[in-house]
Amino acid sequence: MTRPRLATVWLSGCSGCHMSLLNLHGDLLGVLEQCDLVYSPLADIKEYPHGVDIVLVEGAVANEDNREMAGIIRRRSACVVSLGDCAVNGNVSALRNPSGLAATLGRVYGEAPPGHDVAQLLPRAVPLHQVIGVDAFLPGCPPAPERIRRLLTCLLQGQPAGLPPEMISFG
Amino acid sequence: MPRLTLTINNRSVSARRGESILSAARRSGSDIPTLCNLGGLIPAGACRVCLVEVAGYPRPVPACATRAEQGMVVTTDTERLTAARRMIVELLLAERNHSCAVCVMNQHCQLQDLAARLGIDHVRFAFISPLAGVDISHERFGIDHNRCILCRRCVRVCDEIEGAHTWDVDGRGAASRIICDLAQPWGTSATCTGCGKCVQACPTGALFEKDAPTKKATIDMERLSEWRRSRK
Amino acid sequence: MKTPEPKNEKPTVCGGGLKISVCLGSPCLASGAEGVLRALREAWGEKPIAVIGTGCMGPCSRGPMIRIERDGYPTAYYERMTPQAACTTVAAYLAGAAPEQGRLAPDFPFIALQTRVVLEQCGRIDPCDLNSARAAGGYRALAHAIGKMTPEQICCEIGASGLRGRGGGGYPTGTKWELVRAASGRRKYVVANGDEGDPGAFMDRTLMESDPHRLLEGMAIAGYAVGARDGFIFVRGEYPLAAQRLGAAIVDAGKAGLLGRNILGSGFSFRIRLRIGAGAFVCGEETALMASVMGRRGQPVIRPPYPAQRGLWGSSTLINNVETFGCIAPIIRNGAAWFRSVGTPGNSGTKVFSISGDVATEGVLEVPLGTPLRELLAMAGGVSGGSFKAAQTGGASGGCIPASHMDVPVDYESLKGLGTIMGSGGLIVMNDQRCMTDVARFFMHFCQDESCGKCAPCRTGTQQAARLLDRIAAGEATSDDISQLEQLCRFMRETSLCGLGMAAPTPVLSTLRWFREEYENHVRDRRCPAGVCAMEGTPCRD
Amino acid sequence: MNVHDSHRADDRHRALERVMQQHRLRPDSLIEILHAAQRQFGWLDRDVLGLIAARLRLPPSLVYGVASFYHAFRLEPPGRHRCTVCTGTSCHLKGGSRLLQQLEQHFGIACGATAPDGSLTLENVRCLGACGLAPLIVIDDEACPHASFGPVVERLTASLDGEDTSP
């Protein structure tokens with residue numbers, strides 16, 4: 001039997017969720033023994049592969065690149081997981097939304113807005129599930145390593161991710 | 001005091017005449033979630049989180065503001081109620097900017113706790129993201145309207161217990177906003193006594209104490225109001 | 001009893017038997033009725049012709065309206081009068097002719113087929129003249145009630161008449177009166193709900209502007225019946241003319257001993273005060289209305305206790321709609337059995353409808369309850385600008401009746417069965433050029449604006465529902481959005497605190513029920529079939 | 001403020017005080033008193049609201065809360081001219097809402113706002129109950145039945161121009 005193919009993606013977030021994944025320390029090895037890590041910012045793989053079984057997505061969808069990537073993820077993956085508050089509800093990435101795009105760009109770049117070599121910001125940073133269908137959610141900023149382990153254990157065994165209330169609180 | 005008997009979640013419960021369903025249910029071990037309710041304040045029945053079903057009533061009723069009646073048959077945790085509660089909390093989370101990670105009340109917030117308790121791991125609605133504003137002109141306290149869920153506990157505690165009525169509500173509907181005096185900066189208020197009861201009554205991080213960036217102590221409003229009544 | 005000085009020195013009957021009435025309802029005034037009246041008075045003020053200003057004659061969209069009565073001739077109505085046309089017409093009458101220009105047919109259905117009970121004197125009497133109202137029978141019922149009837153008898157009579165609340169709820173009026181009558185407490189209040197906030201409803205405005213004394217009389221009878229000494233009329237701030245005429249009527253009636261202390265020497269005293277609303281639809285809800293009368297934010301509170309138990313300032317309070325009070329005097333004068341003989345069993349009496357939208361004649365119509373919708377439409381001259389698509393009843397709290405149900409008898413239960421409500425009587429007719437999702441979106445934005453913001457489901461639910469409808473109108477929605485909208489609407493209906501929030505989803509649920517296909521066109525095909533929503537791919541954009 | 005203006009202000013305050021006395025300073029007359037104040041001053045500024053609160057012995061926040069709840073009360077000074085578009089159901093169906101949008105664009109003022117130079121306030125009202133005249137617009141208290149964009153703009157522009165030439 002082939003092992004499930006796992007991917008992790010970093011959209012507009014601070015990478016804290018990936019840090020939390022790394023904070024599984026020794027347990028991470030146990031998780032990785034049950035699957036193949038086929039794509040991740042932690043590994044040097046350029047293109048998102050086909051036939052991914054489970055993907056953990058960190059970060060909100062805040063720019064055109066994110067949006068495009070989200071589409072690719074959805075088409076090539078069986079189970080998409082929103083990992084952490086930015087992917088789940090926008091969180092810190094969405095703090096700019098109340099001010100609007102123009103004010104945000106003005107605040108950051110002043111008179112000289114960025115050219116096309118920088119990914120175009122979307123009018124609003126939105127949660128992943130408002131762009132593509134999402135199969136499971138893991139809130140937390142970042143989600144504690146134990147939450148990630150519990151979730152992955154369930155998903156890798158093909159079970160639904162039923163976490164207890166104390167493990168799904170935001171923040 | 002005359003007593004009456006009603007049934008809550010298939011258990012027979014005794015209640016005082018005039019007692020709310022909420023209070024009777026809590027005593028009998030059925031914990032109904034609440035948000036705008038705060039012991040000692042006149043119930044508003046506004047957040048609708050404590051809705052319960054009563055046999056023979058066409059619609060759910062708020063447990064905080066509905067009196068227990070002899071022979072009532074109450075159910076507090078049907079699927080329909082859970083769905084309604086989830087919907088309310090999701091709508092509140094989408095209404096303003098509740099970024100728990102950067103909130104002074106993270107891990108101590110009643111809205112955050114309630115969301116987790118109801119199994120809310122994401123919000124189905126679009127976030128409205130209004131620019132709600134923050135007022136930190138008071139020397140000890142601040143108000144962050146982004147976190148406000150308009151439960152009006154601050155308004156009521158200031159009016160009913162402190163007697164200052166510094167707070168009220170500006171506008172209506174989605175544009176409602178908690179205001180101080182004539183919609184002026186809190187630091188310039190002529191009526192605020194600086195007692196801090198509003199801060200303690202706030203269920204979220206909307207009202208906070210400066211320089212105490214994490215947990216707020218909560219005092220027992222019920223005892224406070226009893227004490228006030230007895231002094232009258 | 002002292003006879004009051006006649007206020008109006010103009011003769012009301014004249015030599016030659018020519019009597020000209022000019023409608024001074026606010027729509028006719030807006031169309032220039034005042035100029036017509038002035039021109040007629042200037043031309044014939046000295047000559048023996050009676051020119052009087054009256055209230056509403058009915059067909060508002062045909063204003064300014066005048067009526068010409070002359071001995072030996074049939075009464076004639078003339079539409080769209082200008083000062084010049086009116087003078088020409090009257091001159092022709094004086095010369096013995098009855099010109100065709102602008103004259104409505106003698107059997108013009110909008111006027112001829114009405115059964116006027118509440119609006120009996122509207123358009124006939126001078127609303128600013130107490131004598132005119134009294135000459136037409138005004139205050140006779142009050143004199144009879146306080147002179148010859150006990151409060152119990154009155155409540156009983158109202159109960160026996162089968163009158164139901166005309167504000168929309170349809171609660172039996174007699175039962176409500178009896179509850180307040182039986183309530184304990186030294187003080188009681190009577191409140192007339194004239195906060196006609198539903199967009200498209202103007203029955204109450206018509207009555208208050210055209211026959212204010214009818215309302216005062218009904219309230220005074222209610223006051224006597226329930227044991228109240230104080231009454232309030234809550235009038236929408238958007239109706240300045242109604243407020244002005246009511247205010248004057250209260251003063252006049254007071255001077256004539258028909259209101260105030262010791263009415264008609266009976267020992268019964270009843271004072272009426274006017275409260276002007278300040279622009280809040282939610283004040284039509286009775287607990288919000290009471291908060292507003294007491295000078296507070298118009299936010300509803302949880303019932304029970306009902307106003308009959310604990311109302312204004314904690315006292316038992318009777319709240320009825322203006323039109324309900326308008327039914328009282330005829331019931332007392334003619335008896336409960338007569339009232340029951342009009343309408344259908346369980347729906348006795350008449351109902352005033354304000355019909356507008358895509359019909360040939362817009363205005364106020366009074367018909368027996370249970371009249372089929374098709375007949376109402378026929379009275380209004382049928383649908384204009386296209387074929388019939390839907391009729392919207394009950395304003396922002398109501399729903400639509402599709403073409404397949406045009407024969408529905410308009411009564412409380414039948415409309416409820418179709419997923420809408422009678423409401424206060426606003427009836428908006430839509431032809432096939434109208435987009436039903438746009439109508440739903442319009443009402444949801446209305447409710448969002450008018451939500452008081454107190455309870456979470458209404459405040460936040462209307463916001464999200466309006467956004468979803470915006471997405472649908474913009475062609476950005478998915479089928480998930482429709483199901484989310486539906487879910488949200490059912491949720492609001494079940495969990496909101498007051499009637500506004502509970503009923504806010506009705507226009508959406510109703511249009512989804514009858515016109516789901518149209519929603520799907522917007523979502524699936526990104527197309528607005530009626531070409532109203534400005535989305536890409538609509539005919540108007542292509 | 002010149003002498004003339006301050007006299008007028010005093011008159012208005014006296015008139016308001018008279019109304020408050022007529023209502024015997026009863027707090028439940030608050031809405032009537034706010035109506036009266038708005039008639040005097042054209043809008044309700046914070047000084048007036050504070051004064052009313054003090055005279056009726058009501059908390060200032062309560063008075064502000066009531067004034068802001070009702071749409072009829074203005075908490076900002078209105079423009080010298082007012083254009084009110086009815087957006088009731090009939091008016092909406094017959095183009096009232098579209099008309100409002102067009103006017104917003106034409107004059108560059110959002111609904112409910114006043115032009116920066118204080119010349120014009122654009123606002124909407126939810127049904128004036130004269131649905132037979134849809135779409136209905138009210139310009140400076142004068143009704144314009146069956147309104148359409150061109151004539152309304154013409155009329156408003158004439159009012160605005162007319163005022164420029166006055167001293």
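Lettering follows sequence order; numbering is per chain, from 1.
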**Q** So which of S292(C), A396(C), G237(C) has the largest heavy-atom pair count under 4.5 angstrom toward chain D?
**A** S292(C)
**Q** Residue by residue, which of residues 135-147 of chain D have a heavy atom closer than 4.5 Å to a heavy atom belonging to chain C?
**A** A143(D), P145(D)
**Q** Which atoms of L274(C) are under 4.5 Å from chain D, going by heavy atoms: the side chain, the backbone, both sets, or neither?
**A** backbone
**Q** Where do T437(C) and C533(C) come nearest, in terms of heavy atoms and distance?
**A** OG1-SG, 4.0 Å
**Q** Measuring heavy-atom distances to chain D, does I428(C) have an atom under 4.5 Å in its side chain, in its backbone, in both, or in neither?
**A** side chain
**Q** Counting only heavy atoms closer than 4.5 Å, note whether D204(C) contacts chain D via side chain, backbone, both or neither.
**A** neither
**Q** What parts of residues 30-45 of chain D touch chain C if we use heavy atoms and a cut-off under 4.5 Å?
**A** L30(D), I31(D), E32(D), H35(D)
**Q** With a 4.5 angstrom heavy-atom cut-off, which part of E450(C) approaches chain D: side chain, backbone, both or neither?
**A** side chain
**Q** At a heavy-atom separation under 4.5 Å, does V66(D) approach chain C through its side chain, its backbone, both, or neither?
**A** both
**Q** Give the ring-plane orientation class for F446(C) versus F281(C), where under 30° counts as parallel, over 60° as perpendicular and anything between as tilted.
**A** perpendicular
**Q** Can you say whether C452(C) sits under 4.5 Å from chain D via the side chain, the backbone, both, or neither, judging by heavy atoms?
**A** both
**Q** Quick one: does S29(D)'s side chain have a donor or acceptor within less than 3.5 Å of a partner on L25(D)'s backbone?
**A** no
**Q** Is the side chain of S354(C) donor-acceptor paired with the backbone N or O of G200(C) at a distance under 3.5 Å, no angle test?
**A** yes
**Q** For a quick test of reading the model, state the closest non-hydrogen atom pair linking R441(C) to D470(C) and the distance between them.
**A** NE-OD1, 2.7 Å
**Q** State yes or no: are the ring centers of F149(D) and H106(D) separated by less than 6.0 Å?
**A** yes
**Q** Give a yes or no answer on whether the side chain of S210(C) reaches the backbone of C122(C) with a donor-acceptor pair at less than 3.5 Å.
**A** no
**Q** Test of understanding: with side-chain contact (heavy atoms from CB on, under 4.5 Å), list the residues that count as partners of S451(C), not counting sequence neighbours.
**A** C458(C), R459(C), T462(C)
**Q** Counting heavy-atom pairs closer than 4.5 Å to chain C, which one of G129(D), A134(D), A72(D) comes out on top?
**A** G129(D)
**Q** Find the one option among R236(C), Q392(C), Q433(C) whose heavy-atom pairs under 4.5 Å with chain D are most numerous.
**A** R236(C)
**Q** Who passes side-chain contact (heavy atoms from CB on, under 4.5 Å) against R434(C), sequence neighbours left out?
**A** D358(C), M430(C), N431(C), L93(D), K94(D)
**Q** Would you mind telling me which of G357(C), G298(C), S61(C) has the largest number of heavy-atom pairs within less than 4.5 Å of chain D?
**A** G298(C)
**Q** Is atom CZ of R98(D) surrounded by more than 12 heavy atoms (other residues, nucleotides or ligands) closer than 6.0 Å?
**A** no
**Q** For a quick check under 3.5 Å, do R62(C) and T361(C) share a side-chain donor-acceptor pair by atom type?
**A** yes
**Q** If you compare all heavy atoms of P199(C) against all heavy atoms of F443(C), which two are closest, and at what distance to 0.1 Å?
**A** CG-CE2, 4.0 Å
**Q** Taking the side chain from T317(C) and the backbone from L312(C), do they hold a donor-acceptor pair closer than 3.5 Å?
**A** yes
**Q** Which bit of V293(C) comes within less than 4.5 Å of chain D, counting heavy atoms only: side chain, backbone, both or neither?
**A** backbone
**Q** What is the distance from atom CG of L120(D) to atom CD1 of I109(D), rounded to the nearest 0.5 Å?
**A** 4.0 Å
**Q** Can R205(C) and E196(C) be said to form a salt bridge (charged side-chain N to carboxylate O under 4.0 Å, His left out), step by step?
**A** CA-CA 8 Å; R205(C) 176 183 61 64; E196(C) 187 171 55; 5.7 Å; no
